[in-house]
Amino acid sequence: MFGKRRNIALLIPNMLACVHKTGKPQISGWEGNAMDTMTEFREVVDQPYAYLQKLKGQTGKKMVGYVCSYTPEEILLAAGAHPVRFFGTKEQIHLADSHLQSYSCSIVRGVLEEGLSGRIGFLDGMIFPHTCDSIQRLSDIWRMNIPFGFHLDLVLPVKLNTSSARDYMTDVLRKFQNDVGRALGVNITDDDLQKAIGTMNAIRQSIRDLYEIRSQYPHLLSGADLYTLVRASMMMDRERLAGMLAETAVKMKAKAAGEKPDASLKRIILVGGMCNHPDIYPLIEKAGGAVVWDDFCTGARYFTELVAGGDDPVAGIAERLIRRVVCPAKHAGLDRRAKHILRLVREHNARGVIFLLFKFCDPHAFDYPDIRKSMDEAGIPVLLLEMEDPLPGEGQLKTRFEAFLEMV
Amino acid sequence: MSEVNSDKEKRKIKSEKKMRDIMTAYYIDAKMARQNNKKVAWITSGGPVEPLIAMDVIPVYPENHGAMIGASKMGVDLCEKAESMGYSNDLCSYARSDISCATVNGGPIGGLPEPDMLVCCNNICGTVLKWYEVQARYFNIPLFIFDTPFCHTEYTKEAKRYVERQIEEYVAFLEGACGRKMDQDRMKDVGRISFEGQKLWQEVLDTAVHKPSPMTAFDAFFHLALIVTLRGTQQTIDYYQGLLAEMKDRIHAGIGAIPREQYRLLWDNLPIWYRMKWLSQKFAEHDACLVADTYTSAWCGAMKYIDENKFLDSMAEAYSRIYLNIGVDEMAKMVIAMIDKYQVDGFVLHSNRSCKPYSLGQFDIQRIVEKERNIPCLMIEADMVDERSFSESQVSTRIDAFMEIIKDRKRT
Ligand code: SF4
Ligand code: SF4
């Protein structure tokens, strides 16, 4: 049943061809079109730069990169820009080595490598939200060495649970709104912001719907496909994406209507920074597991919480960043993350938790023992995989997943 | 033989003993806090300690403790213990050794006195936030986070407002924990004394401008302890006045820190605590004196932002703009200023696995220094506490090669 990568693909409309002809999405054209939506997502993920350059050429939008899920994409969208999340590099590291020691994580090295190589020279700017110590220094090194595009720091609060931190969050987002406007030479209005909030809320809600469906019927949506879809979401034209995802969610709901949950699957939750290795999903699935939820910044931490409506859009965005599932580089209390993961396990009826942690990622490494303890106390089996680039061989991974899944 | 000994005796800094006595008394006092009805706060090395002193809370510094653990070569053992608790060996070795030490009361002084509260200021790193969260859970005590937004290129007015509000919150936190109001006059005094102490510490470090330098960076690493732990107390002022006088005497008497100072070097990053003696001998054998460093000056580097008469108000900016809370290019500027001030012939960078905010960016600083001042630079890969990341033979060879380059340059 698993490994049928096209499951979702069969269901989803393709709108690309229509867009190019008419300039706006047309849902009606999807049936019978050979190029399906999943293929489009896959293409974006496989060849992101080709996609982005094409998008830039066609729309004239400014391409603005970012490196952390606390980036308020709404503000970039409202400025008429196109936000692009960077995840590292697929290439060998050559150039970043002369700026970063071996003990920086592969994300930071990878992003710098992409910048130094000029492969992403089409970017008009790059945003560095304050996250961990490594991203903090990456921002400086980027500013000092990358000739193209503007560079903006977004120095968010590190604690989120006081009223002064909340006010600072709003203050600093307003400053960011001005900075972005200045860098792009536009005036960002509240109307622009409200519209962008609507788009982002729709995207987040649809991804959430798909996650919920996957949690109920994991056999309908492979881990690798959902991975591809979420990744593509952080790179594709958001307006168009919002339509595609809504449609996909509708189709998936329809498909799920007649289904029964597969009780034989061992339900697993993944926890970590992000996953840059889609290959692990089929390995888990082949071993009898099914990923039913995650706590990744390129996963559930990205789409949970919507911006609430209100007169002050920036305050609304700030409020969402305060309330959303917290990342370990921020402080929202001493047990927020352990409790959250426990709740996920219960809500999704999971039988085990797999931690995928990047080597040299301090915030996650500091949290791990405490969360692990909470899991142990609740009798939830845990597997820790420390990810170095490159990953251990497939055989070794397979053995570890099999051994773990046998145990849960 | 006796000549060697008397030379050593001559160069020995006499204040050292007093320093050891003060620190011993301080730790005994801290350990007796409970009996004496005093409260103990653990605080990060860059944290605002003055309000604690004004409230008669005894500040204790896990990082200073980490340094002692490193210097007494007990780091590997405690780090391994932390690793067995699930903490990755890539984490800061101060954090690792403190986290495990708290559970076994090990280390050179049998563990730190238990805290009543924790004060964490993230102006040095994000590591301390996570580390103090761990300790707040372990001891189940209140944690105050003093959040100083990073100043990549500027100290924004938004940050200013936020940090200033936190000073009020901090005072309220302490008043709550101690069950009494802060005495504002006392606070003012402590602020003035802290400022005075920082000024004196800067003056002590400044004596190294003299050739030959009366002290080395290794001495500074040792004498630093008071400005870190007892900043804001009269004792610190008295001590540094004595030390300053001794340095001035040495300058008058022409006593250098090493027998033949031919070459002057600048050190970057934390010390390698478990190899201090070895390193200082190694450089001295090459007639090289490490006259200054970027680390010990961090405790007086933000003085220009302090208004000694309005300490509490001006503290927001001073604590936000310390050396580790600014951009790499800004750090490079300060390095260049030190190169000029101390007239150094070479720059030694400790690439410290433990400390990402200090170390990531060093390659760029090195390039800037090479370009703007054209002096040889050496990067040593190590860790401040965890000896497993140190290869003596490799470092030794690299220092020899580096010193050859410096000697060559000086000859021509
Ligand atoms: S949070 Fe972790 S994985 Fe992400 S950039 Fe920082 S160190 Fe790397
Ligand atoms: S050594 Fe670096 S990472 Fe560790 S506590 Fe100090 S500043 Fe933070």
Side-chain angles (χ1 to χ4, degrees), chain A residues 97-105 108 128 130-134 136-141 143-145 151 153 155-159 161-165 167-172 174-175 328-331 333-335 338 357 359-370 372-373 384 386, chain B residues 82 85-88 90-92 95 99 120 122 125-127 129-131 133-134 136-137 140 143 145 147-154 156-159 161-166 168-169 326-332 351-364 367-368 379 381:
Chain A
D97 278 344
S98 57
H99 296 270
L100 289 167
Q101 288 91 329
S102 57
Y103 43 85
S104 61
C105 75
V108 163
F128 292 89
H130 188 268
T131 313
C132 61
D133 292 336
S134 305
Q136 172 183 301
R137 287 303 178 208
L138 173 66
S139 164
D140 289 335
I141 295 170
R143 180 166 48 79
M144 294 162 65
N145 292 283
H151 165 284
D153 287 306
V155 189
L156 298 167
V158 165
K159 64 179 170 180
N161 55 348
T162 65
S163 72
S164 58
D167 291 345
Y168 175 63
M169 180 70 96
T170 313
D171 284 355
V172 85
R174 281 196 217 289
K175 174 180 172 3
K330 305 243 169 271
H331 175 90
L334 292 173
D335 56 2
L357 301 187
K359 190 153 172 62
F360 306 118
C361 173
D362 295 349
H364 280 281
F366 267 112
D367 270 4
Y368 168 73
D370 178 62
R372 162 117 218 190
K373 193 167 136 249
L384 168 65
E386 196 180 57
Chain B
M85 293 163 73
Y87 293 95
S88 157
D90 297 321
L91 293 172
C92 164
I99 287 170
C120 170
N122 60 357
C125 61
T127 281
L129 173 77
K130 303 309 294 176
W131 168 8
E133 283 176 353
V134 170
R137 282 190 291 259
N140 193 21
L143 163 65
I145 297 166
D147 183 10
T148 46
F150 195 81
C151 304
H152 285 283
T153 52
E154 55 174 344
T156 64
K157 64 176 193 306
E158 291 82 6
R161 192 166 92 116
Y162 177 38
V163 181
E164 284 173 0
R165 273 180 73 184
Q166 290 178 83
E168 290 161 28
E169 291 164 11
I326 56 175
V328 169
D329 39 355
E330 204 59 36
M331 292 164 89
S351 164
N352 180 358
R353 265 179 125 261
S354 264
C355 189
K356 294 181 177 81
Y358 215 145
S359 304
L360 303 183
Q362 275 178 321
F363 284 129
D364 281 85
R367 257 189 301 273
I368 292 170
M379 194 174 286
E381 294 287 340

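Below, chains carry the letters A, B, ... as their sequence lines are ordered, and counting in each starts from 1. Excluded from the calculations below are hydrogen atoms, water molecules and symmetry mates; all remaining heavy atoms, backbone and side chain alike, are included.
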Cut-off 4.5 Å, heavy atoms of chain B, and the answer for A/S163 is both
What residue, out of B/S88, B/P149, B/A95, has the most heavy-atom pairs lying under 4.5 Å from chain A? B/P149
Among A/K175, A/K359, A/K373, which residue has the highest count of heavy-atom pairs closer than 4.5 Å to chain B? A/K175
Of all heavy-atom pairs linking A/D367 and B/K130, the shortest is OD1-NZ, 3.0 Å
Is chain B contacted by the side chain of A/N161, its backbone, both, or neither, given a heavy-atom distance below 4.5 Å? neither
Answer with side chain, backbone, both or neither: which region of B/V328 has an atom nearer than 4.5 Å to a non-hydrogen atom of chain A? both
Relative to chain B, which of A/S102, A/C361, A/P328 shows the most heavy atom pairs under 4.5 Å? A/P328
Top contributor to chain A contacts, counting heavy-atom pairs under 4.5 Å, from B/T153, B/L129, B/I99: B/L129
Top contributor to chain A interface from B/E133, B/E168, B/R137, B/E330 [non-hydrogen pairs under 4.5 Å]: B/R137
Heavy-atom cut-off 4.5 Å, strictly under: side chain, backbone, both or neither for A/A329 against chain B? backbone
Check B/T127 against A/D133 and note the closest heavy-atom contact, atom names and distance. N-OD2, 3.5 Å
Report which part of A/R174 has an atom under 4.5 Å of a heavy atom belonging to chain B: side chain, backbone, both, or neither. neither
Please state whether the side chain, the backbone, both or neither of B/E154 comes within less than 4.5 Å of a heavy atom of chain A. side chain
Roughly how far apart are A/K330 NZ and B/D147 CG, rounded to 0.5 Å? 8.0 Å
After noting the C-alpha distance and the side-chain angles of A/D167 and B/R165, does the key distance pass the side chain to side chain contact (heavy atoms under 4.5 Å, CB included) rule? CA-CA 10 Å; A/D167 291 345; B/R165 273 180 73 184; 2.6 Å; yes
Given heavy-atom pairs under 4.5 angstrom as the criterion, report whether the side chain, backbone, both or neither of B/T156 touches chain A. side chain
Do A/M169 and B/Y162 have side chains that approach each other closer than 4.5 Å (heavy atoms only, starting at C-beta)? no
How about A/D140 and B/M331: do any of their side-chain heavy atoms sit closer than 4.5 Å? no
Cut-off 4.5 Å, heavy atoms of chain B, and the answer for A/D362 is both
Output the option from B/K356, B/M85, B/H152 having the highest count of non-hydrogen pairs under 4.5 Å with chain A. B/H152
From CA spacing to verdict: side-chain hydrogen bond (donor to acceptor under 3.5 Å, both in side chains), B/E169, A/S164: CA-CA 9 Å; B/E169 291 164 11; A/S164 58; 2.6 Å; yes
Using the side-chain hydrogen bond (donor to acceptor under 3.5 Å, both in side chains) criterion, which residues pair with A/R372? Sequence neighbours excluded. A/Y368
Testing the basics here: between B/S351 and A/Y103, what is the closest heavy-atom pair and its distance to 0.1 Å? OG-OH, 2.5 Å
Checking side-chain polar atoms at under 3.5 Å, does A/Q101 have a donor or acceptor matched by the opposite partner on B/S359? no
Those residues that, when tested against B/A82, pass side-chain contact (heavy atoms from CB on, under 4.5 Å) (two or more places apart): B/Y87, B/R96, B/S100
Taking every non-hydrogen pair under 4.5 Å, which of B/R367, B/E381, B/Q166, B/K157 racks up the most with chain A? B/R367
Interchain contact, B/N140 with chain A, by part (heavy-atom threshold 4.5 Å): neither
A/D97 and B/F363: which non-hydrogen atoms are nearest, and at how many Å? O-CE1, 3.8 Å
Non-hydrogen atoms of B/V134 and A/F366 that approach each other most closely: CG2-O, 4.2 Å
Ranked by heavy-atom pairs below 4.5 Å to chain B, first place among A/L384, A/I141, A/N145, A/D370 goes to A/D370
Okay, B/R353 and chain A: the region with an atom under 4.5 Å from a heavy atom over there is both
Atom group of B/I145 that falls short of 4.5 Å from chain A, counting heavy atoms: both
Please classify the contact between A/H130 and chain B as side chain, backbone, both or neither, with a heavy-atom cut-off of under 4.5 Å. side chain
So which of A/V108, A/V155, A/T131, A/L334 has the largest heavy-atom pair count under 4.5 angstrom toward chain B? A/L334
When every non-hydrogen atom of A/Q136 is compared with those of B/P357, the smallest separation belongs to NE2-CB, 4.1 Å
Proximity breakdown for B/D329 and chain A, heavy-atom pairs closer than 4.5 Å: both
